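The figures that follow rest on heavy atoms only: side chains count, while hydrogens, waters and symmetry mates do not. In what follows, chains are A, B, ... by sequence order, proteins preceding strands, each numbered from 1. Keep in mind that what you see is a predicted model, and the values were worked out from it rather than measured.
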Amino acid sequence: MSGYEGSDLFIALLNITLLSILFVIAIAIARLRSLFAIVMLSGIYSLVSATWFVALDAVDVAFTEASVGAGISTALFLGAMLLTSRTAKAEEGITKIVPLLVVIATGAMLVYASIDLPAFGDPNSPANTHVGVEYLERTKPEIAIPNVVTAVLASYRGFDTLGEVGVVFAAGLAVVLLLGFGERSLGATVRQKDREIDTNANPGGEDER
Amino acid sequence: MIGAAALAFVIAIALMLIRALYGPTLYDRVLAVNSLGTKIILLLGVMGFLLGRPDFLDISVLYALINFVATIAILKFFRYRSFQVPLIRKSGDRQ
């Protein structure tokens, strides 16, 4: 942890920079109508916010955000775009105002709730006074992993994490059983039907995709 | 010195962001996302040294892997309009 104390100004500057980048991206996502551009920008948003989580020392959250937000959900959004149009309709009238009001109200509530929170890194906060101190003191001699969160998740609560992995595996397996893979998948069946309709409407014509 | 490098990466990220926002074609946006990911990785590495904890390098290596896979997935989507096409084609396939 040496050198950490002298770099507070740098951390503050970095947080402000990353948050302003996130702000610009969020405004752009709300204003754009091209769905593909929105998918690309949401990937950037996830990547930048993952970097911000690293700057805030939440490395495990950053891992999840980078792999789920920037990786998997970009691919899922692109797959969903196959089934719909490429541009969004412009909202008019009340549908343009109500989401803004909801967002402002939620933001105001979150800011109001954050007033009561203890300061960042406060040694007297509830998280740092009960069992957290025990973990911080024991992790280094017992497990010798530099990241305490990793030590808690993978070692102290190893059985809990194993159970979670089992649950996620069962959920993924159920999705695969429902949707299928390869030639038997739902998408392949739909495309096969499309091709039959095409050849019936245009007999002899080579379908060019 | 490292601070100047971090500043340069932030400026590069801003430039890539402008390209991703205004990019007229889809390929401009894909390229902007990919190189912005690279700049984020470099910024993470530099950030680790600035904060005095070079452990961040491991995280940036993982980000590099995710960035690469995501770019391949997007480009494959453009080429085939589907994710269900294998990347390596067998000799008998047409198209």
Side-chain angles (χ1 to χ4, degrees), chain A residues 1-7 10-11 13-14 17-18 20-21 24-25 27-29 31-32 34 36-37 39-41 43-44 46-48 50-51 53-55 57 59 62-63 66-76 78-79 81-82 86 146-147 181-183 185 187-188 191 206 208-209, chain B residues 2-3 6-7 9-11 13-14 16-18 20-26 28-34 36-41 43-44 46-53 55-56 58-60 62-63 65-74 76-78 80-84 86 94-95:
Chain A
M1 291 277 173
S2 62
Y4 194 82
E5 289 76 17
S7 52
F10 171 72
I11 295 172
L13 278 178
L14 192 73
T17 313
L18 290 174
S20 52
I21 291 173
V24 170
I25 298 171
I27 295 287
I29 289 177
R31 307 274 316 164
L32 278 173
S34 158
F36 176 76
V39 171
M40 290 291 96
L41 283 176
I44 296 179
S46 297
L47 209 59
V48 175
T51 312
F53 290 145
V54 173
D57 274 346
V59 180
F63 265 150
S67 53
V68 173
I72 296 293
S73 67
T74 305
L76 287 181
L78 285 175
M81 258 174 57
L82 274 179
R86 299 291 155 88
N147 191 337
F181 258 131
E183 289 181 3
S185 73
R191 269 198 300 283
E206 187 81 5
E208 198 60 47
R209 283 167 182 269
Chain B
I2 296 177
L7 187 69
F9 289 140
V10 167
I11 292 171
I13 286 171
M16 299 301 165
L17 200 61
I18 291 169
L21 292 182
Y22 292 101
T25 70
L26 304 176
D28 287 326
R29 293 204 161 105
V30 174
L31 196 57
V33 170
N34 188 23
L36 196 142
T38 312
K39 299 301 172 295
I40 292 272
I41 293 158
L43 182 67
L44 263 180
V46 167
M47 211 161 81
F49 285 103
L50 268 177
L51 298 181
R53 279 174 297 164
D55 313 347
F56 284 12
D58 298 351
I59 303 166
S60 51
L62 183 92
Y63 278 29
L65 292 175
I66 291 171
N67 198 27
F68 175 70
V69 171
T71 308
I72 292 287
I74 293 164
K76 187 179 167 187
F77 172 79
F78 275 124
Y80 298 107
R81 299 276 167 216
S82 166
F83 287 122
Q84 295 186 339
R94 77 187 175 90
Q95 193 177 24

Can you tell which part of [X] gets under 4.5 Å to a heavy atom of chain B, answering side chain, backbone, both or neither?
X: A:T51; answer: both
X: A:V48; answer: both
X: A:I29; answer: neither

For the atom pair [atom1] ([X]) and [atom2] ([Y]), what is the distance rounded to the nearest 0.5 Å?
X: A:L78; Y: B:I74; atom1: CG; atom2: CD1; answer: 6.0 Å
X: A:L47; Y: B:I41; atom1: CG; atom2: CD1; answer: 7.0 Å
X: B:D58; Y: A:F63; atom1: CG; atom2: CZ; answer: 7.5 Å

Practice task
Name all residues meeting the side-chain contact (heavy atoms from CB on, under 4.5 Å) criterion together with B:L26; count only those two or more places apart in sequence or in a different chain, and write none if there are none.
Solution key: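 Scan of B:L26 (side-chain contact (heavy atoms from CB on, under 4.5 Å), adjacent residues dropped) gives A:F36, B:F78.
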Problem - For the student: nearest non-hydrogen atoms of B:M47 and A:L14, plus distance - result: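 Smallest interatomic distance, heavy atoms only, reads SD-CD2, 2.9 Å.
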Exercise for the section: Of all the heavy-atom pairs spanning A:A50 and B:Y63, show the shortest one and how long it is. Expected result: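 Answer, listing the atom of A:A50 first, then B:Y63: CB-OH, 3.1 Å.
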Practice task
Return yes when atom CD1 of A:I72 has more than 12 non-hydrogen atoms of other residues, nucleotides or ligands closer than 6.0 Å, and no otherwise.
Solution key: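 At most 12 heavy atoms, drawn from other residues, nucleotides or ligands, come within 6.0 Å of this atom.
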Handout entry: Identified side chain to side chain contact (heavy atoms under 4.5 Å, CB included) partner of A:I44 from the options B:I13, B:I40, B:L36, B:L21
Key =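 Checked B:I13, B:I40, B:L36, B:L21 against A:I44; only one passes side chain to side chain contact (heavy atoms under 4.5 Å, CB included): B:L36.
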Practice task
Against chain A, label B:V69 side chain, backbone, both or neither, depending on which of its atoms sit under 4.5 Å from a heavy atom there.
Solution key: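 Interface part for B:V69: neither.
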